[in-house]
Amino acid sequence: MHSIYVITEKDIAKHTVDDLFELGSVKKLKWQSDKDLTTLPTEIETLLEMPVTSIRCLQVTKRSNQTLRPATPLPLSEFAGKPIKKSIAVYVERKAEDEEEFKEGESIIFMKFYDPLAGTLKVIGSLWVKKETTIDQLATIAKERLQLPSEVTLDVWEEVTGRRQDKLKKDQTLNDAELGSGDIVIFQKSVEKDVEYPFPSTVKKFMKTLVESSSSSEDWRSTSSRAKANKPVSVRPKFFNARGKKKNSYRTSLKGMKAPQQKQLNSFRKYGSEGKWRSIHAGHFDWFMFPIEDGSQSQYNVYEDDVAELRADPEWLANYHESVMWVAKAWGWDVKGECEIKPEEPGMGWDNWDVRLAKIIRSLWLFNEKQLMTSMQKFARLVAPNGGLRYGGIILDEVFYMTLEETQDAKY
């Protein structure tokens, strides 16, 4: 009996450390050793609730430096009769039904973004590109995905391993830089000399802290580490990074805050009505659905006057409340009843997305939503009874210690 590990875009999107995923946290299929891969596409279709015509598969290979990368195309037409002699891992991504499965001469590159102001490292997707593509062209695409102004300059690094990151030159092509399928490039805003960064100023320094943390005697990924992490921690003050400002001058307009919120909420409603609970957490929406003061997309960050403006808009506030309900429900939590949903519907359940939960609680704290915040704190205690919420090497346990006065409570 072998195992076929099935890695999805969602698995990679929520990965916050080096490499792209951990095999222990992805879905897998049990496979008879004498059974070929003929039926694998349909079994993946059932497992992921994705039509077989909308999937693209790559086999994950283990490199000489011990990293695991999706690199080898697995055309669906070649599954029939293909034997399996050992456990394998397959990366599955969604494509348009009429889109070509693979294009000759193109490689898949995975992209991450590091923000030294927030101490966050996140995946911003993948891209199929030709060897002639330049690093500068990749940076332009990254800025579009991050909705950064075109004049922002980005530094670009290749993540070779967790211990090694090589800085890339913007005029290099992928071929010059020896980048190929499965490689990872990390972007960050160029370091400003007059800015005091609360976290390591470069991704190279940040990755060093991750490696040192994960290789310590108390491995932060382990259950025992969670049990030892339940210590009182300091709570960052509200709007700690505002530097005396009451309003974020880079924030988008009220209309610009409401439009993406409404669009995402419509998706929540659709997925909820169809019982596709996993799909609710498949997207990237924290920045505009649950604004905080130090998110990685500054146009959605809020300071004191921004909070007041948004709270004063009845439509925005009602959508904010409803959005908390949907994401909590997808995790199997009744936010109004402050209790688990039993029995859970298929697809519901906690997905170990600590940083999303922490952002939601901090956002509710900033917006003075006592009832909702208290409910989500109870959920956090349920999934991490001993604390230990983490984002890479960063402890997120401040969310357990946030409080609001009764007079600050906002009715829901």
Side-chain angles (χ1 to χ4, degrees), residues 14 16-17 25 117-122 198-199 209-210 213-214 216 218-241 281 286-287 289-296 301-302 307 320-321 323-341 348-410 412:
K14 68 183 181 183
T16 59
V17 291
S25 63
L117 290 174
T120 55
L121 177 68
K122 64 174 183 178
F199 297 96
T209 66
L210 293 186
S213 173
S214 63
S216 65
E218 292 183 12
D219 186 350
W220 59 263
R221 303 173 207 225
S222 69
T223 303
S224 60
S225 174
R226 276 190 181 268
K228 295 173 183 177
N230 190 28
K231 301 176 182 178
V233 296
S234 60
V235 177
R236 292 171 299 163
K238 289 185 176 183
F239 319 116
F240 67 94
N241 60 337
H281 284 288
D286 301 350
W287 314 289
M289 298 305 281
F290 310 110
I292 55 177
E293 68 272 71
D294 66 332
S296 58
N301 289 349
V302 292
V307 167
Y320 180 66
H321 292 159
S323 297
V324 176
M325 181 275 293
W326 283 117
V327 297
K329 192 171 184 179
W331 278 331
W333 183 252
D334 180 346
V335 74
K336 282 188 176 181
E338 300 186 8
C339 61
E340 294 178 82
I341 296 173
M348 285 184 177
W350 175 236
D351 58 2
N352 297 305
W353 206 327
D354 290 4
V355 69
R356 172 162 290 172
L357 176 57
K359 285 180 178 179
I360 290 171
I361 294 173
R362 186 168 182 93
S363 179
L364 292 169
W365 184 57
L366 296 179
F367 280 85
N368 298 324
E369 294 286 346
K370 181 178 172 60
Q371 181 183 351
L372 288 172
M373 184 191 77
T374 301
S375 179
M376 294 308 293
Q377 285 175 317
K378 286 184 179 180
F379 176 67
R381 280 293 182 197
L382 176 70
V383 299
N386 297 304
L389 295 177
R390 294 223 180 215
Y391 185 80
I394 302 167
I395 297 175
L396 304 173
D397 284 355
E398 66 170 4
V399 300
F400 294 114
Y401 303 97
M402 294 171 176
T403 59
L404 288 170
E405 299 296 333
E406 292 296 331
T407 55
Q408 293 178 292
D409 194 5
Y412 170 47

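Small disclaimer: the values here were computed from a predicted structure and weren't measured.
- With values rounded to the nearest 0.5 angstrom, Leu121 atom CG is found 13.0 Å from Phe199 atom CZ.
- How far CD of Gln371 is from CG of Leu404: 12.0 Å, rounded to the nearest 0.5 Å.
- Nearest heavy atom pair, residue Glu293 against residue Asn241, reads O-ND2, 2.9 Å.
- Looking at every heavy atom in both residues, Asp354 comes nearest to Gly388 through OD2-O, 4.1 Å.
- Lys122 and Ser296 share a side-chain donor-acceptor pair at under 3.5 Å.
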Test side chain to side chain contact (heavy atoms under 4.5 Å, CB included) on Trp287 and Ile292; report intermediate values, then the result. CA-CA 7 Å; Trp287 314 289; Ile292 55 177; over 6 Å; no
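- A salt bridge links Glu398 with Arg362: the distance from a Lys NZ or Arg NE/NH1/NH2 to an Asp or Glu carboxylate oxygen falls below 4.0 Å.
- With values rounded to the nearest 0.5 angstrom, Gln377 atom CD is found 8.5 Å from Lys370 atom NZ.
- Between Pro385 and Val383, the shortest heavy-atom contact is CD-C, 3.6 Å.
- In this structure, the side chains of Tyr320 and Glu369 come closer than 4.5 Å at one or more pairs of heavy atoms.
- Remark: Met289 CE to Lys359 NZ distance equals 14.0 Å, nearest 0.5 Å.
- Looking at heavy atoms from C-beta onward, Ile341 lies in side-chain contact with Met348 at the 4.5 angstrom threshold.
- Checked options Trp333, Trp331, Trp350; the residue passing with Leu382 is Trp333 (criterion: side chain to side chain contact (heavy atoms under 4.5 Å, CB included)).
- In the model, Ser234 has no side-chain atom that pairs as donor or acceptor with a side-chain atom of Tyr401 under 3.5 Å.
- For the atom pair OG1 of Thr374 and CG of Leu364, the computed distance is 9.5 Å after rounding to the nearest 0.5 Å.
- In this structure, Arg236 pairs ionically with Asp294, as a charged nitrogen and a carboxylate oxygen lie closer than 4.0 Å.
- Contact check for Leu389 versus Phe400: side-chain heavy atoms found under the 4.5 Å cut-off.
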Would you check, one step at a time, whether the test side chain to side chain contact (heavy atoms under 4.5 Å, CB included) holds for Leu357 with Met376? CA-CA 8 Å; Leu357 176 57; Met376 294 308 293; 3.7 Å; yes
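- Summarising the geometry, atom CE belonging to Met373 is positioned 11.5 Å from atom OG belonging to Ser363; distances are rounded to the nearest 0.5 Å.
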